[in-house]
J.: 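Got a structure for you, questions after.
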Amino acid sequence: MRFISIFSLLMMILSGCASGQKEDRDAIAVSFDPQAWMIKQISGDDFDIITLLPPGTDPETYQPSIGTMKSLGNAKVFFSLGTSGFEHRISDNIHSNFPELKIADCADGIEKITGTHEYHSGTNGHDHQEDFDPHMLSSIRNCIIIAENMTQTLMRVRPDKAAQYRTAGNDLKEKLMAMDDSIVSMDIKGKAFAIRHPSLSYFARDYGLIQINLQADGKEASPLQLRKRMEEMKGSDTKVFIIEKEHSSAGDKETARQLDLKTIDVSLNSSSWLDNLMETANEINRD
């Protein structure tokens with residue numbers, strides 16, 4: 001019994017030390033997993049990273065748990081994309097409970113898609129009645145801007161690591177620019193793809209693509225609207241149906257089967273989003 005008691009006591013002490021070390025570490029908060037991945041590329045393991053939205057979750061309906069929100073108390077900076085949806089819903093909570101938390105708009109400088117809410121587009125194809133399309137991470141070019149904004153902020157948070165972060169930030173931007181160049185070289189301009197929710201409007205704008213989505217004003221299309229969209233897919237010689245995990249429907253694969261479209265499963269809110277974007281470009285280019 002004495003051995004067990006001493007062992008338990010040691011474990012409690014070690015646990016307390018580990019816990020204290022973790023509490024003392026600076027944290028960075030982000031909304032989405034892709035942002036967390038970029039922070040890691042720039043700062044390595046210098047920070048604990050708090051990601052508010054779990055991968056594969058719809059940001060327009062998700063509400064972070066109380067425990068997740070409490071974790072913001074350890075954060076030095078919250079990197080916001082300034083979007084509607086859950087970021088808008090939690091903004092008052094953040095301001096009232098964490099008034100000292102610095103909020104950095106890492107989307108500053110991005111040319112946002114605004115204006116029309118028509119369902120098809122390479123430029124303005126988002127259906128939601130809001131000021132701008134929130135899916136900025138679907139553009140590699142947007143991510144280059146986001147990476148630079150993050151680098152600049154992290155350099156101010158840790159000036160002793162500024163040179164290191166500058167170098168790592170430049171490396172990340174070069175990687176993203178190489179990916180962008182690779183897609184540009186495919187010359188896929190004018191090709192069309194289908195998707196349920198218009199999450200790839202920025203991607204479509206970057207490469208001159210036609211995005212045809214199956215929703216109308218953020219809701220399921222009526223039978224008449226759906227028929228028109230399917231006719232547009234046939235008329236534009238669409239070959240690929242993107243099934244996004246965050247906005248998928250049980251009927252997507254059946255719709256794709258009826259139109260003889262190849263399906264691609266993607267998750268644009270996960271750390272593999274860049275691979276998903278490259279796969280999407282490759283499949284559109286293939287057909």
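Model, not experiment: these values are computed from the prediction. The residues of the chain are indexed from 1 along the displayed sequence.
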J.: Taking the side chain as every heavy atom from C-beta outward, state whether S80 and I103 have any atom pair closer than 4.5 Å.
T.: yes
J.: Under 4.0 Å between a Lys/Arg side-chain N and an Asp/Glu carboxylate O for K161 and D46?
T.: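 Yes, charged N to carboxylate O under 4.0 Å.
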J.: OG of S270 to CG of L137: how many Å apart, nearest 0.5 Å?
T.: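 So the OG of S270 and the CG of L137 are separated by 11.0 Å.
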J.: More than 12 foreign heavy atoms under 6.0 Å from CG of D45: is that the case here?
T.: no
J.: Would you say that L209 contacts L200 through its side chain, given a criterion of any heavy-atom pair below 4.5 Å between the two side chains?
T.: no
J.: Testing the basics here: between E87 and G82, what is the closest heavy-atom pair and its distance to 0.1 Å?
T.: OE1-N, 2.9 Å
J.: Show the nearest heavy-atom pair for residues M69 and F98, with the distance to one decimal.
T.: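 Reported closest heavy-atom pair: O-CZ, 3.1 Å.
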J.: One pair to check against side chain to side chain contact (heavy atoms under 4.5 Å, CB included): I49 and V30. What are the steps and the verdict?
T.: CA-CA 7 Å; I49 300 179; V30 298; 4.2 Å; yes
J.: Does W273 use its side chain to pair, donor to acceptor, with the backbone of S138 at less than 3.5 Å?
T.: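 No, W273 side chain to S138 backbone: no donor-acceptor pair under 3.5 Å.
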J.: Run the salt bridge (Lys or Arg N to Asp or Glu O under 4.0 Å) test on E148 and K173 for me, step by step, so that the C-alpha distance in whole Å, both residues' side-chain angles and the decisive distance to 0.1 Å come before the verdict.
T.: CA-CA 8 Å; E148 175 59 24; K173 289 198 297 179; 2.8 Å; yes
J.: Could you check whether atom CG of L224 has more than 12 heavy atoms from other residues, nucleotides or ligands sitting under 6.0 Å from it?
T.: yes
J.: Could you tell me which non-hydrogen atom of Q211 sits nearest to which non-hydrogen atom of A204, and how far apart they are?
T.: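 Closest heavy-atom pair between Q211 and A204: CB-CB, 4.3 Å.
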J.: With rounding to the nearest 0.5 angstrom, report the CD1 to CD1 distance, I212 to I242.
T.: 12.0 Å
J.: Do the side chains of L52 and F78 get nearer than 4.5 Å, heavy atoms only?
T.: yes
J.: Would you say the side-chain atoms of S96 pair up with the backbone N or O of N93, donor to acceptor, closer than 3.5 Å?
T.: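 Looks like yes, one N/O pair under 3.5 Å.
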J.: Is it true that R229 and E232 have a side-chain N and a carboxylate O under 4.0 angstrom from each other?
T.: no
J.: Supply the atom-to-atom distance Q258 CD to K253 NZ, rounded to the nearest 0.5 angstrom.
T.: 14.5 Å
J.: Distance alone, cut at 3.5 Å: any donor-acceptor contact between the side chains of D206 and S139?
T.: yes
J.: Under 3.5 Å, is there a donor-acceptor pair between the side chain of Q41 and the main chain of G169?
T.: no
J.: Is it true that the side chains of S201 and D133 contain a donor and an acceptor less than 3.5 Å apart?
T.: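 The criterion, which ignores hydrogens and geometry beyond distance, is satisfied for D133 and S201.
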J.: Would you check if the side chain of T238 reaches a backbone N or O of K234 as a donor-acceptor pair within less than 3.5 Å?
T.: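 Not at all, since once roles are kept as given, no pair shorter than 3.5 Å links the two residues.
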J.: Going through the checks in order, is the side chain to side chain contact (heavy atoms under 4.5 Å, CB included) test met by L261 and V240?
T.: CA-CA 5 Å; L261 304 179; V240 177; over 6 Å; no
J.: What do the steps show when you test M136 against K112 for side chain to side chain contact (heavy atoms under 4.5 Å, CB included), and what is the final call?
T.: CA-CA 8 Å; M136 287 171 283; K112 299 177 177 66; 3.9 Å; yes
J.: Is the CG atom of D160 crowded by more than 12 outside heavy atoms at less than 6.0 Å?
T.: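 Enclosed: over 12 neighbouring heavy atoms sit under 6.0 Å from CG of D160.
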J.: Which heavy atom of F47 sits nearest a heavy atom of K40, and at what distance?
T.: O-NZ, 4.3 Å
J.: Closer than 4.0 angstrom, basic N to acidic O: yes or no for K262 and E283?
T.: yes
J.: Does any part of the side chain of S272, heavy atoms only, come nearer than 4.5 Å to the side chain of W37, both counted from C-beta?
T.: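 No; the side chains remain at least 4.5 Å from each other.
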J.: Using modelled atom types only, decide if a donor and an acceptor are shared between the side chain of N149 and the backbone of C106 within a distance under 3.5 Å.
T.: yes
J.: Would Y207 and D187 count as having a side-chain donor-acceptor pair, cut-off 3.5 Å?
T.: no
J.: To the nearest 0.5 Å, what is the distance between SG (C143) and CE (M38)?
T.: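 Taking SG in C143 and CE in M38, the distance rounds to 4.5 Å.
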J.: Tell me yes or no: between the side chains of T68 and S65, is some donor less than 3.5 Å from an acceptor?
T.: yes
J.: When the ring planes of H135 and H197 are compared, do they come out parallel, tilted or perpendicular, using 30° and 60° as the limits?
T.: perpendicular
J.: Return the minimal non-hydrogen interatomic distance between D108 and I145, and the atom names on each side.
T.: O-CG2, 3.4 Å
J.: Where do S267 and K245 come nearest, in terms of heavy atoms and distance?
T.: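 Heavy atoms only, the tightest pair is CB-CB, 4.2 Å.
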J.: Does the side chain of I28 come within less than 4.5 Å of L154's, by heavy atoms?
T.: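 Yes, side chains in contact.
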J.: Donor-acceptor check, side chain of Q35 to backbone of F32, threshold 3.5 angstrom: yes or no?
T.: yes
J.: If you define the side chain from C-beta out and look only at heavy atoms, does anything of V77 sit under 4.5 Å from V157?
T.: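 The answer is yes; the side chains approach within 4.5 Å.
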J.: After noting the C-alpha distance and the side-chain angles of K228 and E231, does the key distance pass the salt bridge (Lys or Arg N to Asp or Glu O under 4.0 Å) rule?
T.: CA-CA 5 Å; K228 288 181 177 179; E231 289 172 356; over 6 Å; no
J.: For the NZ atom of K175 and the CE atom of M177, what is their distance to the nearest 0.5 Å?
T.: 13.0 Å
J.: Go through I146 and L81 one step at a time and tell me if the side chain to side chain contact (heavy atoms under 4.5 Å, CB included) criterion holds.
T.: CA-CA 9 Å; I146 290 170; L81 283 173; 3.8 Å; yes
J.: Between T280 and N276, is there a donor-acceptor pair closer than 3.5 Å when you use the side chain of the first and the backbone of the second?
T.: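 Flag set: sc T280 to bb N276 pair under 3.5 Å.
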J.: State, with a plain yes or no, whether a side-chain heavy atom of L53 is found less than 4.5 Å away from one of D33.
T.: no
J.: How long is the straight-line distance from CG of L277 back to CD1 of I183, given to the nearest 0.5 Å?
T.: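 Taking CD1 in I183 and CG in L277, the distance rounds to 6.5 Å.
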J.: Quick one: do R166 and N170 satisfy side chain to side chain donor-acceptor pair (under 3.5 Å)? Show the steps, please.
T.: CA-CA 6 Å; R166 179 71 277 167; N170 288 341; 3.1 Å; yes
J.: Taking the side chain as C-beta and beyond, is there a heavy-atom pair between I264 and F241 under 4.5 Å?
T.: no
J.: Please answer whether the main-chain N or O of M278 pairs with a side-chain N or O of N282 as donor and acceptor at a distance below 3.5 Å.
T.: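 Checked: pair present.
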